[in-house]
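Notes for the one structure printed next.
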Amino acid sequence: LGDAVNYTPVILTTYGVSGSGSVEATVNSGDHSDINSSGIDANASINRNWSLINRDLTIASYDVALNFPDNDLDSSITISKAVAAKKSQNWAIIPAVCTTTSCSMTGLTSMSDFQIGDALDQSAPTISLTADHSSPTNATTITVTVTFNEAVIGFSLDDILLTGGTKGNFVAISDRVYTFTITSPIDGTSITVNIANAVANDSSLNYNLAATTFTIDSDQTPPGAVIFSPTAGSYISSQIINLTSLGANNIRYTLDGSDPSCTIGLLFEPAIIALSSLTIKAIACDDAGDQSEVTTAIFTITTASPSNT
């Protein structure tokens, strides 16, 4: 195969061949007439295209080496990064191993047209990681969303590096968005999620960049019970009452006998001034959503009546 000046053979190795027929190979000088739809950069290509046609054979798979003279290369091509565009009904980018005079492809199953060069898309896919809970959290199941900025193939649960919990329930929402769950988070630790570079690729065979490490703190330990100072009891004068709790970020309380929660009740400020008898119910809360038990304290204030003289 070739022309009056160049010998450009096609070397075909077939596997699992049966039946009676032939393979027709054609080599044409210049870029493919449809290169603008191929995903190959017409300004960084091999100025030659090929066509393979199977005439009635059954072929399980084949390898092919396409040869060309080095003066077919555009000056701007990076041959070490060159890929092949393969057209059956539509174009698809496939891996190729190229030198300045040949390109090889392996494991192909259908025959078609070929154009070789640098991919138009040279941008590596990027990744963002988000979760359905903020840090810190007391959740026992956390859903993490992995979002690529473009469609990718080859991404799986095995590509996710997790510490501080157990990963599972991998779901491909689309070819850009994937979710998985973290269960059995280890209390008191920072859960980390990492995705390394080059675990998935886009349609132009650009491999992803590594994700920025995602961290979420697991806190399933409730704060200590609210401590009243002074303690509950009977007093003969008004009292300034302070509320504290080990591990709490805030304390809420009620004075009407109802139970407070982390969203219901008065937010404890510097002190409660008891001028008369009152019942305080208090709960301690942390930023992870953990809460203590409700603690009740009854203060009886009895002030002495002034004496008559």
Side-chain angles (χ1 to χ4, degrees), residues 1-17 23-54 57 59-126 148 150-155 196-210:
L1 294 174
D3 53 36
V5 178
N6 299 298
Y7 175 54
T8 54
V10 172
I11 301 172
L12 190 68
T13 304
T14 56
Y15 305 93
V17 179
V23 172
E24 178 182 314
T26 304
V27 181
N28 303 296
S29 296
D31 289 333
H32 193 283
S33 60
D34 194 29
I35 190 173
N36 290 332
S37 301
S38 69
I40 298 295
D41 185 348
N43 297 312
S45 67
I46 296 171
N47 294 300
R48 196 168 293 267
N49 67 92
W50 296 262
S51 178
L52 295 178
I53 300 174
N54 181 358
L57 289 171
I59 301 175
S61 66
Y62 69 95
D63 304 337
V64 64
L66 306 176
N67 293 274
F68 46 86
D70 58 8
N71 59 10
D72 274 357
L73 275 62
D74 282 335
S75 59
S76 57
I77 192 173
T78 304
I79 197 65
S80 62
K81 295 183 178 180
V83 295
K86 183 177 183 295
K87 184 179 184 181
S88 296
Q89 292 182 335
N90 299 305
W91 287 102
I93 300 292
I94 61 173
V97 178
C98 296
T99 70
T100 55
T101 58
S102 71
C103 287
S104 298
M105 290 145 280
T106 60
L108 306 183
T109 56
S110 63
M111 295 192 175
S112 58
D113 293 354
F114 293 89
Q115 176 68 59
I116 298 172
D118 290 348
L120 275 171
D121 176 9
Q122 297 283 332
S123 299
T126 59
F148 290 83
E150 61 177 314
V152 298
I153 57 175
F155 183 60
N197 64 301
V199 299
N201 62 271
D202 64 16
S203 60
S204 294
L205 302 185
N206 298 304
Y207 285 88
N208 68 281
L209 300 175

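Just so it is clear, the values below take in all heavy atoms, side chains as well, and ignore hydrogens, waters and symmetry mates.
- Nearest heavy-atom pair across Asp31 and Ala42 is OD2-O, 3.5 Å.
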Cut-off 3.5 Å, no hydrogens considered: what does the side-chain donor-acceptor table look like for residues 87-96, sequence neighbours left out?
| from | atom 1 | to | atom 2 | distance (Å) |
| --- | --- | --- | --- | --- |
| Lys87 | NZ | Asp34 | OD2 | 2.9 |
| Trp91 | NE1 | Asp34 | OD2 | 2.8 |

Please test Lys86 against Ser110 for side chain to side chain contact (heavy atoms under 4.5 Å, CB included), starting from the C-alpha separation and ending with a verdict.
CA-CA 10 Å; Lys86 183 177 183 295; Ser110 63; 2.6 Å; yes
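- Sorted pairs that involve residues 200-210 and meet salt bridge (charged side-chain N to carboxylate O under 4.0 Å, His left out), not counting sequence neighbours, are lacking altogether.
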Show your working on side chain to side chain contact (heavy atoms under 4.5 Å, CB included) between Val17 and Tyr62 and close with a plain yes or no.
CA-CA 9 Å; Val17 179; Tyr62 69 95; over 6 Å; no
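- A distance of 5.0 Å separates CG of Asn43 from CG of Asp41, quoted to the nearest 0.5 Å.
- You'll find the side chain of Asp63 stays beyond 4.5 Å of the side chain of Ser104, heavy atoms only.
- To the nearest 0.5 Å, atoms CD1 (Ile59) and OH (Tyr15) are separated by 12.0 Å.
- Heavy-atom minimum distance, Leu12 versus Leu52: CD1-CD1, 4.3 Å.
- A donor-acceptor pair is defined here as one N or O able to donate and one able to accept, closer than 3.5 Å; no such pair exists between the side chain of Asn201 and the backbone of Gly154.
- Between Val64 and the choices Leu108, Ile11, Thr106, Val23, the side-chain contact (heavy atoms from CB on, under 4.5 Å) rule is met once, by Leu108.
- Remark: the backbone N or O of His32 is paired with a side-chain donor or acceptor of Gln115 at under 3.5 angstrom.
- Shown here for Asp121 and Ser123, the closest heavy-atom pair between the two residues is OD1-N, 2.9 Å.
- With Cys98 as reference, Ile79 is the one residue of Val83, Ile77, Ile79 to meet the side-chain contact (heavy atoms from CB on, under 4.5 Å) rule.
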Passes side chain to side chain contact (heavy atoms under 4.5 Å, CB included), Phe68 versus Asn47? Steps please.
CA-CA 9 Å; Phe68 46 86; Asn47 294 300; over 6 Å; no
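- Side-chain contact check for Asp113 and Ser51: at least one donor-acceptor pair (N or O, by modelled atom type) lies under 3.5 Å.
- Remark: the backbone N or O of Ser80 is not paired with any side-chain donor or acceptor of Thr78 at under 3.5 angstrom.
- The nearest pair of heavy atoms linking Ile40 to Ala85 is CG1-CB, 3.6 Å.
- Taking CG of Asn71 as the reference point, atom OG1 of Thr101 lies at 11.5 Å (rounded to 0.5 Å).
- For the pair Ser204 and Leu120, the minimum side-chain heavy-atom distance is 4.5 Å or more.
- Checked by atom type and distance alone, the side chain of Asn49 pairs as donor or acceptor with a backbone atom of Gly30 at under 3.5 Å.
- Note that CG of Asp70 is 5.5 Å distant from OG1 of Thr100, once rounded to the nearest 0.5 Å.
- Smallest separation of non-hydrogen atoms from Asn206 and Ala124: CB-CA, 4.1 Å.
- Listed by first then second residue, pairs satisfying ring-ring contact (aromatic ring centres under 6.0 Å, His included) with a partner in residues 97-122 number zero, not counting sequence neighbours.
- From Asn208, atom CG reaches atom OG1 of Thr126 across 9.0 Å, with rounding to the nearest 0.5 Å.
- Heavy atoms only, all atoms of each residue included: Ile116 and Cys103 are closest at CD1-CB, 3.5 Å.
- Leu209 CG to Asn197 CG: the interatomic distance, rounded to the nearest 0.5 Å, is 7.5 Å.
- A donor-acceptor pair is defined here as one N or O able to donate and one able to accept, closer than 3.5 Å; no such pair exists between the side chain of Asn54 and the backbone of Met111.
- Tested against Arg48 for a side-chain hydrogen bond (donor to acceptor under 3.5 Å, both in side chains), the candidates Asp72, Asn28, Asn67 yield a single pass: Asp72.
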